[in-house]
Amino acid sequence: MLHIETPLIESRPMELTAGRPVLLKMDALQPSGSFKIRGVGAACEYHVGNGKRRFVSSSGGNAGLAVAYAGRRLSVPVTVFVPETTTERAKFLIRQEGAEVVVHGASWQEANERALEAVDSESAFIHPFDDPIMWTGHATMIDEVVGAGALFDAVVLSVGGGGLLSGVAEGLARNGLQDVPIIAVETDGAASLSAALKAGRLVELPAITSIATSLGARKVSERAFQISQTRPLESVVVEDRFAVEACLRFLDDHRVVVEPACGAALALAYSHPDQLARYERVLIIVCGGATTSVEKLMTYDAALSRKS
Ligand SMILES: *Cc1c(COP(=O)(O)O)cnc(C)c1O
């Protein structure tokens, strides 16, 4: 097992802003800095068990970082293909895990194509969100929450491509909680699930304009859309400035740095408590994210609050 069992804490500050008890599943404390290692770790272990000798990723974000971490732990070489737009910090974090970073192309599409070309019979391509093995791995976070005896009547989480959503839905279902509503939060400019729900089918956003880059999948997975149609789910879209503000408040309240991608979910308790009005006790998945810094969050905050 490459992930750790993370703390589950009750947030007194968020209980006061949200007007109801708020439970936090602290996956920001995973060794790779986000929940992604749960599913990525499960996928990497599966592929090693099936004789693969190398991992390939095309994520310059937390998925790539999780693959790099898994590779180091399993002594399997990792190559991460990233576009030219990838930040120095992200490349540094991936290299720090001992993985090779190959910069190729102006956008993720081009980096991804090159990554797929590099996959041979010896290597496994690790998709950032669209993989059933990964969902089963993510589902362990719900096993832990239920195992701790926690009670909640809604789960709040962020949605990018929908891997976290698929894993949490699976975890709830396998613990008999398939009727507990999921509140799926996206930022304005990265709201591909919200767009699909409005259209009644999967749609592709023309571009990602949110700063929450870890939510920047232009289209959610088939599975994520299917989940939205077959179990209780609410879609909420928050503005970037509330996601960033939530990160800074969370930093003061709980002393942990998370990305705006995670701040989007936290923003429901801090600045949109009306969205939680129907629930008695909510569980928020603190999905984390390692690619930001306090300085960057403060810069975003200054720029976004000037605009509004
Ligand atoms: C990947 C990621 C998400 C979104 O997860 P999906 O499975 O793509 O929906 C949210 N927050 C953080 C920090 C992430 O790394």
Side-chain angles (χ1 to χ4, degrees), residues 3 6 25-43 57-69 86-87 89-90 93-94 108 126-139 141 155-171 182-187 190-194 196 205 208 210-225 227-228 233 235-236 238 240 243-244 246-247 250 256-268 284-293 296-297:
H3 66 268
T6 54
K25 183 57 174 164
M26 295 291 282
D27 258 40
L29 302 180
Q30 288 293 348
S32 73
S34 80
F35 75 96
K36 287 238 172 49
I37 187 58
R38 290 184 187 267
V40 165
S57 166
S58 59
S59 158
N62 295 302
L65 193 48
V67 177
Y69 174 80
T86 306
T87 62
R89 177 172 170 79
L93 291 171
I94 294 166
W108 175 79
I126 312 293
H127 194 280
F129 58 82
D130 198 0
D131 176 355
I133 302 173
M134 187 168 293
W135 307 331
T136 300
H138 292 337
M141 74 177 74
V155 182
V156 180
L157 50 76
S158 304
V159 173
L164 177 58
L165 167 63
S166 303
V168 166
E170 181 172 330
I182 294 177
I183 308 178
V185 190
E186 297 171 289
T187 49
S192 42
L193 178 65
S194 164
L205 299 178
I208 298 298
S210 168
I211 58 155
T213 49
S214 294
L215 303 186
R218 282 165 56 197
K219 190 164 89 176
V220 296
S221 70
E222 199 89 52
R223 177 73 188 134
F225 181 67
I227 285 166
S228 73
L233 179 140
S235 160
V236 176
V238 302
D240 275 352
V244 171
C247 292
F250 187 73
V256 173
V257 179
V258 297
E259 289 179 17
C262 176
L266 304 174
L268 257 57
I284 302 183
I285 306 300
V286 184
C287 51
T291 72
T292 195
S293 64
K296 205 156 139 188
L297 290 171

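On a predicted model such as this, the values are computed, not experimentally measured, just so you know. Hydrogens, waters and symmetry mates are skipped; everything else that's a heavy atom, side chains included, is used. One-based numbering, in listed order, for ligands and for the atoms of each.
Each of Phe35, Lys36, Asn62, Phe129, Val159, Gly160, Gly161, Gly162, Gly163, Leu164, Ser214, Leu215, Ala261, Cys287, Gly288, Gly289 has a non-hydrogen atom positioned under 4.0 Å from some atom of ligand 1.
Between the side chains of Ser214 and Glu259, at least one donor N or O lies within less than 3.5 Å of an accepting N or O.
Atom NZ of Lys219 has 12 or fewer heavy atoms from other residues, nucleotides or ligands within 6.0 Å.
A distance-only check finds no donor-acceptor pair linking the side chain of His3 to the backbone of Ile37 [under 3.5 Å]. For the pair Asp240 (side chain) and Thr187 (backbone), a donor-acceptor distance under 3.5 Å is absent. In this structure a side-chain-to-backbone donor-acceptor pair under 3.5 Å is present from Ser221 to Ala224.
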- Task: Check the pair Thr6, Gln30 against side-chain hydrogen bond (donor to acceptor under 3.5 Å, both in side chains), reporting the backbone distance first and the verdict last.
- Result: CA-CA 7 Å; Thr6 54; Gln30 288 293 348; 4.6 Å; no
